[in-house]
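Values below: all heavy atoms of this structure, side chains included; hydrogens, waters and symmetry mates excluded.
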Amino acid sequence: MSDDALHHCAVIDIGKTNVKIHVIDEQYRSRFRRSRANKVIEQGIYPHYDTHSLWRWIRSTLKDIAHDYRIDSISITTHGATAALVHPDAGEAGLVLPIMDYEYDGVASEADYLAIRPPFSETCSPALPAGLNLGRQIFWQQRYCERAFNGAQYILPYPQYWAWRLTGVAVAEVSSWGCHTDMWSPQSRQYSSLVDHLNIRDKLPPLVAASTMIGTVTEEIVEQTGLPESCQVYAGVHDSNASYLRYLARSTAQPFTVISTGTWSISFSSATPLSRLDEFKDMLANVDILGNAVACARFMGGREFDVICQRTGSKPEDRYDLQDVQNIIDSDIVALPNFSEGSGPFGARRPEIRGRTDCGVALASLYCALVMDYQLDLLDARGDLIIEGAWLRNPLLCRLLAQLRGKQDIYLSSDETGTVTGAAQLALPKAADPALTVLSASTLAGLASYRQRWRACLGDRR
């Protein structure tokens with residue numbers, strides 16, 4: 001068993017596309033990593049996450065790492081717009097209903113929801129497609145699965161569901177409730193009026209900070225995994241907020257923006273007033289781990305990147321260089337949103353690609369840089385820009401964004417696992433000191449005029 005660090009934290013990171021488990025030591029080095037796809041089951045009353053196989057995989061992985069490392073703590077981070085309806089007597093998983101996939105569009109047809117949905121001025125939560133507003137999911141389950149719904153003791157945000165599975169302790173935390181759920185009022189720091197319209201206040205567990213140690217693993221988990229009885233479990237956090245929290249202590253005086261990338265690209269702008277948010281441009285307030293509202297803009301960047309590659313006969317992992325991007329600019333080939341069926345600042349628009357290219361990965365990179373640049377303008381994002389997550393594997397895309405942003409400094413995180421490092425920071429004895437590198441911009445000819453033409457195609461002349 002490894003003992004070269006005093007503390008090891010196992011981080012369970014459940015993203016929309018992939019699930020990862022890391023072992024992080026107190027120097028914030030990843031000592032172990034394992035991943036799998038996040039599966040959705042299409043059968044049943046609605047599409048739902050395959051929590052049964054995921055739980056088996058989590059336990060198996062924890063057993064493997066417990067053999068080689070002493071795991072002192074577990075921290076959990078997950079995607080948003082997801083909650084579990086649970087009761088301790090509802091079998092091993094505790095679920096009275098499956099955990100709904102937020103891309104299930106069947107919930108969006110409920111017009112009656114609009115009668116009780118709070119206004120944007122109360123929640124800073126825009127109306128989103130499918131089940132991306134968690135309140136819409138809960139409304140649907142309450143209406144069509146009434147008996148099972150009424151049998152739930154708790155409604156748990158997704159990170160806290162897994163913490164409950166590990167400890168038996170039911171809690172909730174604001175970064176998940178504040179993630180475009182319609183259920184939280186970020187300016188008043190309390191539940192929105194929707195909670196009482198749904199009459200679910202008695203099903204909401206106590207609110208705690210993300211950094212709260214809620215308990216140790218159960219005896220059953222100890223027996224199944226070999227984890228020590230003393231292994232502490234922390235409340236957990238929404239994944240993009242895990243990326244953002246790493247920088248909260250870095251600069252409290254100067255404005256900064258964190259761009260968390262993966263399936264979703266979400267820009268957190270520390271100094272943008274909430275009054276600047278446009279609910280029709282997929283702008284919203286997320287809530288950080290301290291309960292503060294943070295102005296954000298988002299689009300499904302990873303998903304749109306993959307779709308553009310697919311439509312152009314490319315693969316997301318294909319290689320490209322700046323000359324490929326220059327050829328696209330010179331040929332005036334453009335990809336126009338929306339390639340994710342509803343997200344982003346042009347979510348209502350039908351997607352199109354004008355022109356033909358044999359390098360779709362370059363076109364997809366240019367497209368994502370243009371959308372991020374546009375969103376940063378919407379936010380009037382000032383100060384340093386910090387890129388976290390999946391786009392670090394695509395440095396040319398980041399360089400394109402740096403050229404589009406002009407004199408604004410852009411930094412790259414030192415690792416691709418900002419969500420993992422942020423989640424580990426909740427549990428480890430000292431905070432992570434983000435190591436950043438300054439990004440040099442590309443120097444493509446005609447990029448500024450290409451941007452103007454791209455925006456003009458979308459009816460925006462700025």
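- Partners of E122 under the salt bridge (charged side-chain N to carboxylate O under 4.0 Å, His left out) rule, at least two apart in sequence or in another chain, do not exist in this structure.
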For the pair E26 and K430, evaluate salt bridge (charged side-chain N to carboxylate O under 4.0 Å, His left out) and give the outcome as yes or no after the intermediate values.
-> CA-CA 7 Å; E26 62 183 2; K430 62 179 181 180; over 6 Å; no
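- Taking D105 as the reference, nothing meets the salt bridge (charged side-chain N to carboxylate O under 4.0 Å, His left out) condition, with sequence neighbours excluded.
- Taking the salt bridge (charged side-chain N to carboxylate O under 4.0 Å, His left out) definition, one finds that R56 meets it with nothing, sequence neighbours left out.
- With sequence neighbours excluded, no residue forms a side chain to side chain donor-acceptor pair (under 3.5 Å) with S192.
- For D380, the salt bridge (charged side-chain N to carboxylate O under 4.0 Å, His left out) partners two or more places apart in sequence, or in a different chain, are R382.
- Residue pairs satisfying the salt bridge (Lys or Arg N to Asp or Glu O under 4.0 Å) criterion with at least one member in residues 146-158, sequence neighbours excluded, are absent.
- Between Y367 and F339, the ring planes lie perpendicular to each other; the angle is over 60°, past the 30° to 60° tilted range.
- The shortest side-chain heavy-atom distance between V195 and W184 does not fall under the 4.5 Å cut-off.
- Classification of the W391-F305 ring pair by plane angle, with boundaries at 30° and 60°, yields tilted.
- Pairs engaging residues 166-182 under the salt bridge (Lys or Arg N to Asp or Glu O under 4.0 Å) rule: R117-D182 [sequence neighbours left out].
- Applying the side chain to side chain donor-acceptor pair (under 3.5 Å) criterion to D196, with sequence neighbours excluded, gives R201.
- The heavy-atom pair separating P205 from A170 by the smallest distance is CB-O, 3.7 Å.
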Dump the intermediate steps for side-chain contact (heavy atoms from CB on, under 4.5 Å) on L54 and R36, then the final yes or no.
-> CA-CA 9 Å; L54 181 53; R36 58 160 274 174; 4.3 Å; yes
side-chain contact (heavy atoms from CB on, under 4.5 Å) between V294 and S270, worked out | CA-CA 6 Å; V294 186; S270 70; 5.6 Å; no
Is there a side-chain contact (heavy atoms from CB on, under 4.5 Å) between R29 and I24 once you walk through the steps?
-> CA-CA 5 Å; R29 296 173 298 189; I24 306 295; over 6 Å; no
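- Between F32 and Y69, the ring planes lie perpendicular to each other; the angle is over 60°, past the 30° to 60° tilted range.
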Stepwise side-chain contact (heavy atoms from CB on, under 4.5 Å) test for D64 and R34 | CA-CA 10 Å; D64 289 345; R34 183 177 293 173; 2.8 Å; yes
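- A donor-acceptor pair under 3.5 Å links the side-chain atoms of D101 to the main chain of E103, judged by distance alone.
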Which donor-acceptor pairs under 3.5 Å do the side chains of residues 84-100 make with protein atoms, sequence neighbours left out?
| from | atom 1 | to | atom 2 | distance (Å) |
| --- | --- | --- | --- | --- |
| H87 | ND1 | D89 | N | 3.1 |
| E92 | OE2 | R59 | NH1 | 3.1 |

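- Of all heavy-atom pairs between A242 and A423, the closest is CB-N, 4.0 Å.
- Across all non-hydrogen atoms, the minimal contact from T419 to T77 is O-CG2, 4.0 Å.
- In this structure a side-chain-to-backbone donor-acceptor pair under 3.5 Å is present from S175 to H238.
- Each of V438, I387, L385 was scored for a side-chain contact (heavy atoms from CB on, under 4.5 Å) with L412, with one residue passing: I387.
- Counting all heavy atoms, side chain and backbone alike, N133 lies closest to L128 at OD1-N, 2.8 Å.
- Two residues are said to be in side-chain contact when any heavy atoms from C-beta on lie closer than 4.5 Å; T212 and Y234 fail this criterion.
- Between the NZ atom of K39 and the CD1 atom of I41 there is a distance of 9.0 Å, given to the nearest 0.5 Å.
- Y244 and F256 have parallel rings, their planes meeting at less than 30° on a 0 to 90° scale where 60° marks the start of perpendicular.
- The shortest heavy-atom contact between C124 and L274 is SG-CD1, 4.1 Å.
- Aromatic ring centres of Y104 and W140 lie closer together than 6.0 Å.
- Residues H7 and S73 fail the side-chain proximity criterion, which asks for heavy atoms closer than 4.5 Å.
- No side-chain heavy atom of T78 sits under 4.5 Å from any side-chain heavy atom of D239.
- Evaluation of the side-chain hydrogen bond (donor to acceptor under 3.5 Å, both in side chains) test over residues 152-164, restricted to residues two or more places apart or in two chains, returns Y161-R165.
- Contact annotation: the side chain of S265 never approaches that of M300 to less than 4.5 Å [non-hydrogen atoms, C-beta and beyond].
- Counting only residues at least two apart or on different chains, the salt bridge (Lys or Arg N to Asp or Glu O under 4.0 Å) pairs with a member in residues 287-298 are D282-R298.
- A ring-centre distance under 6.0 Å is found for H79 and Y49.
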Test log, rule salt bridge (charged side-chain N to carboxylate O under 4.0 Å, His left out), inputs D13 and K20 = CA-CA 5 Å; D13 178 8; K20 301 182 288 291; 3.3 Å; yes
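- Partners of S211 by side chain to side chain contact (heavy atoms under 4.5 Å, CB included), not counting sequence neighbours, listed by chain and number: A209, L426.
- Using modelled atom types and a 3.5 Å distance limit, the side chains of Y46 and Q141 yield a donor-acceptor pair.
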